[in-house]
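Comments concern the structure below.
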There are 2 protein chains.
Amino acid sequence: MPHTIKAQRSVTIKDVARKAGTSIATVSYVFSNAERNIRPELRQRVLQAATEIGYVKNAAASSIKGKPRGILAVVVAQFGNTFFTRMCVEIVSIARQAGYVVTLCNSDEDPDQERIILERLVAQRIDGCILCPAMSREENTGLLKKYRIPYVILERSFPESTTAHNFVGQDNYQSGHLATRHLLEAGHRRIAFSGWDSPIPNVCERVNGYQAALREFGVPAEQELVLTDEMSEAAGRRMAAKLLESKMTAAVLGHHETAKGALLHFQDKGIRWPDDLSLVVIGTPEWAGVLLPRITCIQRPEHPMAVAAAELLLDAIKHPDMPAAQHVFLSTVSEGDSVRER
Amino acid sequence: MPHTIKAQRSVTIKDVARKAGTSIATVSYVFSNAERNIRPELRQRVLQAATEIGYVKNAAASSIKGKPRGILAVVVAQFGNTFFTRMCVEIVSIARQAGYVVTLCNSDEDPDQERIILERLVAQRIDGCILCPAMSREENTGLLKKYRIPYVILERSFPESTTAHNFVGQDNYQSGHLATRHLLEAGHRRIAFSGWDSPIPNVCERVNGYQAALREFGVPAEQELVLTDEMSEAAGRRMAAKLLESKMTAAVLGHHETAKGALLHFQDKGIRWPDDLSLVVIGTPEWAGVLLPRITCIQRPEHPMAVAAAELLLDAIKHPDMPAAQHVFLSTVSEGDSVRER
DNA sequence: TTGAAAGCGCTAACAG
DNA sequence: CTGTTAGCGCTTTCAA
């Protein structure tokens, strides 16, 4: 817990009022009520006095009277993951333009951490929250609901009742389907899939998309061509090693974080793409931009998602009784040279 | 400014007191004063009641009585830059263990934005701040000083009076020197340097280190071998193109963000490292891990810096009268295969 | 157009 | 051990 130190008394409206020779009410009006008419000369004097003694309004104090705090929060499950980092940058920027400061929190895929974080955020009486849940547990949103804090669920949906929350996400089924179809259209038939063995349904949905694409092309799905493992470079390497045993001609690397390990393994073993193996990666990791030959990536809709989430939240704050809205975005192919026609 | 909506009345100690059949004082003591003795049975009843009606203490309200807010802030100049992202992840994690929530802000290298952000943070009466200043302007720290908000300057020092602030940084001179010496020791003599043409002194210091290393090896510095340009991939490409005109055998890519563009240019032109050119990059971008042949990098002390900054801030909060401290960390060589002996 | 004063949720003397 | 009560800095009626 934060160490308890008596804060030094800071500059307050009282000080400003004394300095300007007026009442605290007037000072308050100058700083918070645009409607109220104040004689320009007096307003000037107040502003002048405030500047001179360096007054900054205490947002915490004004919030207990029901004023908004001016703080939004974004809670993500993997803060270091570029996918989230990029969205955070965008959200922070939009929020700032709307006058908010953003608290970023990292649950590290741990629902208990998420719980603690949400409790602290509620304690701060934040004005709104964008939450990418660590796991599909609705309980953690209960707190937000109880305190009527507007929120948007980002990227990971709850299986039940998606329409009960504001939601912004991507279509994982579609990205799996798109990646696979891209390889099928290039003539590949033995196509493997590797992904993150996650507790959340996203990767499952990608696998569903993968299998559906195969079906559409009349290719029987084979269990041993679908691998999932934990999210680490080592796991990526393990999966790559296994993949090389099955004689596939192409692979969908279904999660950018494990894809790195897989590519490193291929490099070590001297497997070249697209000559020995055609590859599509779902996601656009930073390193994809420098590898030669260029990797074909499935570009996830990071930017539209971030914008939509931020705007939906701002809307929900303005209109507390707004019905919940859902926005789902699609991925696109960012073509490289890692897929060979056959 | 945030839209003004009257917040719904939320659960307060008053509600808990009524429910538990006791006074608000007792409830307050249960939730904030560990010292005070309360009959276990009563304490239980209070906690029970609180849980039942979903009470969460309003940190904003308790802060106006001088209690700490439980919020720290980190203000960086380039949030999307992995160097900062990684440090932020670390700082957030340490702060959370100490019971704080962290607000992350991005000034985008703009001192005016930084000013606005700091004003908002002061308005929130945050408990402490880690600031990586957009430019060497001391005025922005004035606000923090005025409101006695403990702070730590990160990575970018103010030219004057460094000892006046808590400071955690790296030795940029040393990283420039180290990179250059590494190439000199491999026998190179015509060594170029490319970097970010920044308003902050960091890159300059790296250039100083570069020049010092040359001097130590009796190599005359040549103006045209030192290039700086804006921080973008395109600028990196431009510098690479220019570098290829001078007949150097090695280069220090002095800033990881521009290094990417340079490497892309080399790739496009068919320039191979280390065969055609020996390379050292200052910094460890995500992509360095997958490029073959492996790039030799100067590993900056991200982790120790993040830890030191977080701990120094926590210290400064606990001991408001602590004299300012400075910690400067050194970089190390992370050897790859991009340097050839000659 | 201005100001006195009540009260927001919480803390901490102080009195019982 | 518990409760009464006077504020913290600010907003906002309401009356002047």
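Naming: A, B, ... by sequence-line order, numbering from 1 per chain.
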If you pin B:I24 and A:K57 to their nearest nucleotides in DNA chain D, which one's is more 5'? B:I24
Of the nucleotides C:dT11, D:dG3, D:dG9, which one has an atom closest to the side chain of B:T26? D:dG3
Can you tell me if B:Q170 and B:N202 form a side-chain donor-acceptor pair at under 3.5 Å? no
Which nucleotide in the set D:dT2, D:dC10, C:dA5 lies at the smallest distance from any side-chain heavy atom of A:A25? C:dA5
Between CD1 of B:I53 and C1' of C:dG9 the distance, given in whole Å, is 13 Å
Let's see if you can work this out: which of C:dT11, C:dT2, C:dG9 has an atom nearest to the side-chain heavy atoms of B:I64? C:dG9
Please test B:Y100 against B:I71 for side-chain contact (heavy atoms from CB on, under 4.5 Å), starting from the C-alpha separation and ending with a verdict. CA-CA 5 Å; B:Y100 291 94; B:I71 302 182; 5.9 Å; no
salt_bridge(B:R156, B:E109) N-O dist < 4.0 Å: yes
Please work out if A:S28 contacts a base, only the sugar-phosphate, or nothing of the nucleic acid, heavy-atom cut-off 4.0 Å. base
Distances for protein N/O vs nucleotides 14-16 of chain D N/O pairs under 3.5 angstrom?
none

Rounded to whole Å, please give me the gap between NZ in B:K67 and P in C:dG9. 19 Å
For B:K14 and D:dT5, what is the distance between atoms NZ and P respectively, to the nearest whole Å? 14 Å
Axis deviation across the helix from C:dT1-D:dA16 to C:dG16-D:dC1, five-pair ends, to the nearest 10°: 40°
B:H327 ring center within less than 6.0 Å of B:F167 ring center: no
